[in-house]
Asker: 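This is the structure I have questions about; it appears just below.
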Amino acid sequence: MRLSCQLFTTLREDPADAEVRSHALLARAGFLHKLAAGIYVYGPMLKRVLAKIEAIIREEHASAGYQELLMPAIQPRELWEESGRWERYTSDGILFHMADRKGSEICLGPTHEEVVTDFVRRRIQSHKQLPIHLFQVQTKFRDEIRPRFGLMRGREFIMKDAYSFDASSEAMAESYATMRGVYERIFSRCGLRFTAVQADSGAIGGAASEEFMVDAETGEDAIAVCHATGYAANLERAVSRIPTPPETPDKVDMHKESTPGAKSCDDLVALFPNLPLERMLKTVLYKAQWADKDGVVAVLCRGDREVNEVKLINHLDALHLELADEKTVAETSGAAPGFAGPVGLGEDIRLLADASVEGVHGFLCGANETDVHLLDVWFGRDLEQPETLDLGMVQEGDSTLEGDGTLEITRGIEVGHIFQLGTKYSESMEAYFTDENQARQPLWMGCYGLGVSRTAAAAVEQGHDENGMIWPLPIAPYSVALLQLKPGDEAQDSLAESIHEKLEAAGIDVLWDDRPKLSPGARFKDADLVGLPLRIVVGRDAPDGRVEWSLRSGGDSEVVDAEEAIARAVAACEEKES
RNA sequence: CGGGGCGUGGCGCAGCUUGGUAGCGCACCUGCUUUGGGAGCAGGGGGUCGUUGGUUCGAAUCCAAUCGCCCCGACCA
């Protein structure tokens with residue numbers, strides 16, 4: 001492809017609103033244009049990247065027996081009422097919805113469980129038709145609270161979603177395991193470094209779920225991994241062995257101490273330097289919201305640990321959870337924020353305790369009185385120890401649950417999420433089949449999402465340097481950058497043209513920078529910015545039939561015969577395929 | 001939702017405090033020279049200063065409203 005015939009522009013400076021490298025580089029190279037917050041035009045170069053990612057996705061889904069379909073972006077409210085998600089998604093504000101001219105409410109699909117379940121339930125009667133495996137590549141719409149990081153969290157984005165429908169929980173688990181392999185092959189083939197982690201299933205619902213994280217410092221998700229044991233989990237879900245509490249002190253009567261203004265653990269540590277953080281228990285007050293009621297929940301947690309709100313909301317089976325505001329804290333604890341405690345807390349307040357408080361005695365806690373804390377509090381003597389459960393956040397350096405490894409906290413970009421949904425949607429939407437015994441059974445579902453546009457951004461986040469992007473060969477917009485330094489020079493014209501022709505004949509994507517009247521420096525800068533993995537430069541050695549060969553990822557460049565450069569490009573692209 | 005910031009040629013910014021009709025760099029156009037890491041010289045084009053209203057003889061500048069965009073936070077006691 002001749003660059004001189006393309007719409008191709010680059011910017012010398014980062015756009016002012018780009019916060020992360022992938023966004024800045026994609027925008028500078030003209031791959032991306034922002035139309036509104038979280039809404040982007042995918043330029044021709046980016047479209048090629050997306051097409052390559054999609055091609056890999058299609059191949060891997062096809063070989064796992066998945067059929068592609070295309071579902072509508074516009075969906076009727078009624079369908080979402082059936083699954084019970086309309087209320088939740090509209091109250092969270094994440095759903096783009098509107099009324100049509102007749103006044104019927106419709107939404108732009110943020111996901112397609114309802115539509116696919118409806119499609120399948122109308123066709124499935126018998127166990128003999130199962131399993132069913134479907135997927136699509138579609139634009140999804142989510143009115144995110146805060147779109148950011150360019151393609152990373154947009155309000156409109158491209159997603160591949162797949163669904164499995166099985167006759168039993170075991171068969172569903174098999175479909176799920178197959179898809180796990182599909183995802184590993186997809187991301188490997190895309191040339192990305194990634195980690196599969198256990199995950200919370202969130203709003204989609206369901207049992208087992210795993211996320212695929214592209215390793216990147218700038219990732220929005222924190223994950224806990226253990227290299228020794230292979231354990232990996234999203235921080236929301238991660239579990240660990242909590243370091244043992246310090247020695248129990250002498251038994252002294254519980255007593256009040258004045259602690260003016262000591263609202264945080266840091267303040268208290270300053271006030272009581274001899275008291276270890278592990279013997280301070282914080283009492284965090286939350287406002288929880290269920291479908292039918294609201295309530296305040298207090299969670300007891302060791303001073304050096306933190307409450308994991310996702311574990312808490314799951315345990316409570318609540319719809320929404322937020323830290324109690326000052327007013328609520330005053331009403332429930334009778335004190336300013338920072339002084340709530342488990343002793344003498346209102347009867348109507350549900351008190352839970354994180355496992356970290358287990359075995360802690362003679363501790364400090366809030367006295368439910370402003371500027372006062374209780375010291376030397378003992379479970380069993382001064383209050384009953386509430387039932388403890390894991391409501392905590394794991395920390396760097398914690399041991400794994402079995403104690404045979406150490407957790408490390410890293411970051412990643414979530415590009416894929418697979419779920420075993422079970423019968424949640426099939427039951428609420430009445431998607432049943434008849435089994436061998438004439439019994440009516442709900443379908444066992446799995447759903448498998450993969451962010452296509454986000455994967456492209458993640459690839460840049462993982463592959464770039466100070467000069468620009470560095471695309472992995474399998475998903476690069478073009479494989480080879482052919483730079484002709486002096487278009488119009490006879491020897492260069494004919495050599496570049498023959499290289500271009502031979503590479504295209506070999507089925508290799510080549511972008512020939514034949515733009516006239518451009519200085520060599522500008523050409524090199526643009527090539528570095530765009531980041532095509534293989535580079536062939538046709539320059540001063542053209543009369544001898546020689547060119548410069550180099551890799552965008554680094555290493556020295558070499559002057560070789562044109563035929564040798566072509567052979568190397570062909571070899572590199574073949575290696576990618578295997 | 002709360003707080004903060006910003007809207008000035010395609011992009012990045014200055015000008016605003018102290019009102020007098022807009023400027024710089026990049027990009028763009030023309031010509032000549034130049035061609036291995038963002039070339040030089042000369043000439044040139046392009047902006048109702050987000051929008052609306054107000055104050056004023058006069059508003060990019062002051063005031064108000066509104067729209068848009070960005071960041072931070074959403075209280076871990």
Side-chain angles (χ1 to χ4, degrees), chain A residues 9-20 23-24 27-30 33-39 91-93 145-150 259 261-269 277 280-287 298-309 312 320-330 332-333 335-342 354 356 364-368 370-373 391-393 395 467-468 483-489 492 513 515-529 535 537-542 547-548 550 557 559:
Chain A
T9 55
T10 56
L11 295 172
R12 205 183 276 222
E13 290 169 283
D14 287 352
D17 57 7
E19 199 62 20
V20 292
H23 184 193
R28 270 185 62 199
H33 169 72
K34 186 173 75 191
L35 199 58
I39 298 175
S91 71
D92 283 357
I145 296 174
R146 203 175 141 201
R148 64 183 131 181
F149 302 150
T259 53
K263 296 164 76 159
S264 70
C265 280
D266 287 347
D267 299 336
L268 290 162
V269 166
L277 199 51
M280 298 181 179
L281 298 192
K282 43 194 181 193
T283 308
V284 189
L285 298 174
Y286 288 96
K287 268 161 73 170
V299 181
L300 216 50
C301 173
R302 218 167 75 188
D304 61 322
R305 312 290 296 183
E306 285 179 9
V307 175
N308 183 324
E309 293 183 6
L312 180 60
H320 186 74
L321 190 70
E322 63 182 308
L323 276 165
D325 53 45
E326 207 163 312
K327 186 163 154 271
T328 309
V329 171
T332 51
S333 73
F339 301 94
D354 174 51
S356 61
L364 169 152
C365 62
N368 296 319
T370 303
D371 292 343
V372 179
H373 279 81
L391 295 174
M393 202 74 98
Q395 292 179 0
N467 296 314
L483 307 196
Q484 184 182 347
L485 295 189
K486 199 171 178 180
D489 175 281
Q492 288 192 19
D513 185 352
R515 289 174 295 173
K517 292 182 183 176
L518 193 66
S519 77
R523 230 180 279 275
F524 284 121
K525 288 291 183 191
D526 276 349
D528 287 346
L529 176 61
R535 194 178 78 180
V537 180
V538 175
R540 60 189 158 217
D541 298 317
V547 298
E548 184 186 292
S550 62
S557 63
V559 176

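Every chain is numbered from 1, with letters handed out A, B, ... down the list of sequences.
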Asker: Among the candidates U35(B), C1(B), G37(B), find the nucleotide nearest to the side-chain atoms of Lys486(A).
Answerer: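 Of all the options, the side chain of Lys486(A) is nearest to U35(B).
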Asker: Measuring only the C1' atom in each nucleotide, how far is G31(B) from A22(B)? A whole number of Å is fine.
Answerer: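 After rounding to an integer number of Å, I get 29 Å for this pair.
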Asker: What is the base-pairing partner of C26(B), counting Watson-Crick and G-U wobble geometry with both distances under 3.5 Å?
Answerer: G10(B)
Asker: Using the C1' atom as the point on both nucleotides, what is the distance between G20(B) and G25(B), in whole Å?
Answerer: 27 Å
Asker: Rounded to whole angstrom units, what separation is found between the CD atom of Glu19(A) and the P atom of C70(B)?
Answerer: 10 Å
Asker: Quiz question: by atom type and distance under 3.5 Å, do the side chains of Asp354(A) and Ser356(A) form a donor-acceptor pair?
Answerer: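 The criterion, which ignores hydrogens and geometry beyond distance, is satisfied for Ser356(A) and Asp354(A).
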Asker: Taking the same atom, C1', in C41(B) and in G47(B), what whole-Å distance lies between them?
Answerer: 27 Å
Asker: Reckon Arg523(A) has a side-chain N or O less than 4.0 Å from the OP1 or OP2 of G38(B)?
Answerer: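 False: Arg523(A) side-chain N/O out of range (4.0 Å or more) of G38(B) OP1/OP2.
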Asker: Can you check the Glu13(A) CD to C24(B) P distance for me, whole Å?
Answerer: 16 Å
Asker: Output the single nucleotide from G12(B), G38(B), G37(B) whose closest atom is nearest the side chain of Phe524(A).
Answerer: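 The closest nucleotide is G37(B).
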Asker: Suppose we define a pair by two distances each less than 3.5 Å, Watson-Crick or G-U wobble; what does G31(B) pair with here?
Answerer: C41(B)
Asker: Heavy atoms from C-beta onward define the side chain here; which of A39(B), C76(B), G37(B) lies closest to that of Glu306(A)?
Answerer: C76(B)
Asker: What I'd like to find out is whether the side chain of Lys282(A) reaches to under 4.5 Å of the side chain of Val307(A), using heavy atoms alone.
Answerer: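 Lys282(A) does not reach Val307(A) side chain to side chain.
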Asker: Does a side-chain N or O of Lys34(A) approach OP1 or OP2 of C70(B) to a distance below 4.0 Å, or not?
Answerer: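 For Lys34(A), the contact criterion (side-chain N or O under 4.0 Å from OP1 or OP2 of C70(B)) is met.
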Asker: Compare the minimum distances between each of C71(B), G38(B), G37(B) and the side chain of Arg535(A), then state the nucleotide with the smallest one.
Answerer: G37(B)
Asker: Give me the distance, rounded to whole Å, that separates U51(B) from C11(B) when you measure between the C1' atoms they each carry.
Answerer: 23 Å
Asker: Side chain to side chain contact (heavy atoms under 4.5 Å, CB included) between Thr259(A) and Leu268(A): does it pass, once the steps are laid out?
Answerer: CA-CA 8 Å; Thr259(A) 53; Leu268(A) 290 162; 4.1 Å; yes
Asker: Determine the contact category for Cys265(A): base if any of its heavy atoms lies under 4.0 Å from a base atom, sugar-phosphate if only primed atoms, P, OP1 or OP2 are that close, otherwise nothing.
Answerer: sugar-phosphate
Asker: Is there a donor and acceptor pair, one atom on the side chain of Arg28(A) and one on the base of G38(B), closer than 3.5 Å?
Answerer: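 Between G38(B) and Arg28(A), which were checked side chain against base, a qualifying N/O pair under 3.5 Å is present.
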Asker: Quick one: look up who C62(B) pairs with, Watson-Crick or G-U, both distances under 3.5 Å, and put none if it's unpaired.
Answerer: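 Check on C62(B): paired to G54(B), both distances under 3.5 Å.
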Asker: Considering every strand and a 4.0 Å limit on heavy-atom distances, what is the contact class for Gly366(A): base, sugar-phosphate, or nothing?
Answerer: nothing
Asker: If I take atom CG in residue Asp489(A) and atom P in nucleotide U34(B), what distance separates them, rounded to the nearest angstrom?
Answerer: 14 Å
Asker: How far apart are the closest heavy atoms of Asn368(A) and Ala340(A), and which atoms are they?
Answerer: OD1-CA, 3.3 Å
Asker: Whether the side chain of Asp14(A) and the base of G12(B) hold a donor-acceptor pair under 3.5 Å is what I'd like checked.
Answerer: no
Asker: Side chain to side chain contact (heavy atoms under 4.5 Å, CB included) between Asp526(A) and Arg515(A): does it pass, once the steps are laid out?
Answerer: CA-CA 12 Å; Asp526(A) 276 349; Arg515(A) 289 174 295 173; 3.1 Å; yes
Asker: For G12(B) and U18(B), measure between their C1' atoms and round to the nearest Å.
Answerer: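 That atom pair is separated by 28 Å.
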Asker: Here's a test of your reading of the structure: between Asp266(A) and Asp528(A), which maps to the more 5' nucleotide of RNA chain B?
Answerer: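 In this pair, the answer is Asp528(A).
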Asker: Please state whether the base of C76(B) and the side chain of Glu309(A) form at least one donor-acceptor pair under 3.5 Å?
Answerer: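 Donor-acceptor pair under 3.5 Å: yes.
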Asker: Could you tell me whether Thr9(A) contacts a base, only the sugar-phosphate backbone, or nothing, with contacts defined as non-hydrogen atoms closer than 4.0 Å?
Answerer: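 Since no nucleic acid heavy atom lies under 4.0 Å of Thr9(A), the category is nothing.
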Asker: If we take the C1' atom in both C32(B) and C70(B), what is their distance in whole Å?
Answerer: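 Roughly 45 Å separates the two C1' atoms.
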Asker: With a 3.5 angstrom cut-off on both distances, give the Watson-Crick or G-U wobble partner of U18(B), or none if there isn't one.
Answerer: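 Pairing partner: none.
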Asker: Which value, in whole Å, describes the distance between the P atoms of nucleotides G73(B) and A65(B)?
Answerer: 28 Å
Asker: Side chain to side chain contact (heavy atoms under 4.5 Å, CB included), that's the test. Do Arg302(A) and Leu281(A) meet it? Break it down for me.
Answerer: CA-CA 5 Å; Arg302(A) 218 167 75 188; Leu281(A) 298 192; 3.9 Å; yes
Asker: What are the two closest heavy atoms between Asp528(A) and Arg535(A), and how far apart are they?
Answerer: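 Heavy atoms of Asp528(A) and Arg535(A) come nearest at OD1-NH1, 3.8 Å.
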Asker: State which of G12(B), C76(B), G38(B) makes the closest approach to the side chain of Ala522(A).
Answerer: G38(B)
Asker: With rounding to whole Å, what would you report as the distance between G46(B) and C24(B) at their P atoms?
Answerer: 15 Å
Asker: Nearest whole Å is fine: how far is C76(B) C1' from Leu323(A) CG?
Answerer: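 Rounded to the whole Å, the gap is 6 Å.
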Asker: Would you mind telling me which residue lines up with the more 5' stretch of RNA chain B, Pro147(A) or Arg12(A), judged by nearest nucleotide?
Answerer: Arg12(A)
Asker: Between G38(B) atom C1' and Leu483(A) atom CG, what is the distance in whole Å?
Answerer: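 Those two atoms, CG and C1', are 14 Å apart.
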Asker: Got a sec: does the CD1 of Ile145(A) have more than 12 other heavy atoms crowding it under 6.0 Å?
Answerer: no
Asker: Nearest whole angstrom, please: distance from the P of C1(B) to the CG of Asp325(A).
Answerer: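 That distance rounds to 18 Å.
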Asker: Checking all strands, does Ala340(A) fall into the base, sugar-phosphate, or nothing category for heavy-atom contacts under 4.0 angstrom?
Answerer: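 No contact.
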Asker: Whole angstrom is fine here: how far is it from CE in Met393(A) over to P in C76(B)?
Answerer: 12 Å
Asker: Using a cut-off of 4.0 Å on non-hydrogen atoms, how would the nucleic acid contact of Ala336(A) be classed: base, sugar-phosphate, or nothing?
Answerer: nothing
Asker: Report the nucleotide, chosen from G37(B), C69(B), C76(B), that has the shortest atom-to-atom distance to any side-chain atom of Ala37(A).
Answerer: C69(B)
Asker: Taking NZ from Lys517(A) and C1' from G31(B), how many angstroms apart are they, rounded to a whole number?
Answerer: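 Result: 9 Å.
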Asker: Give none if C1(B) has no partner; otherwise give the nucleotide forming a Watson-Crick or G-U wobble pair with it, both distances under 3.5 Å.
Answerer: G73(B)
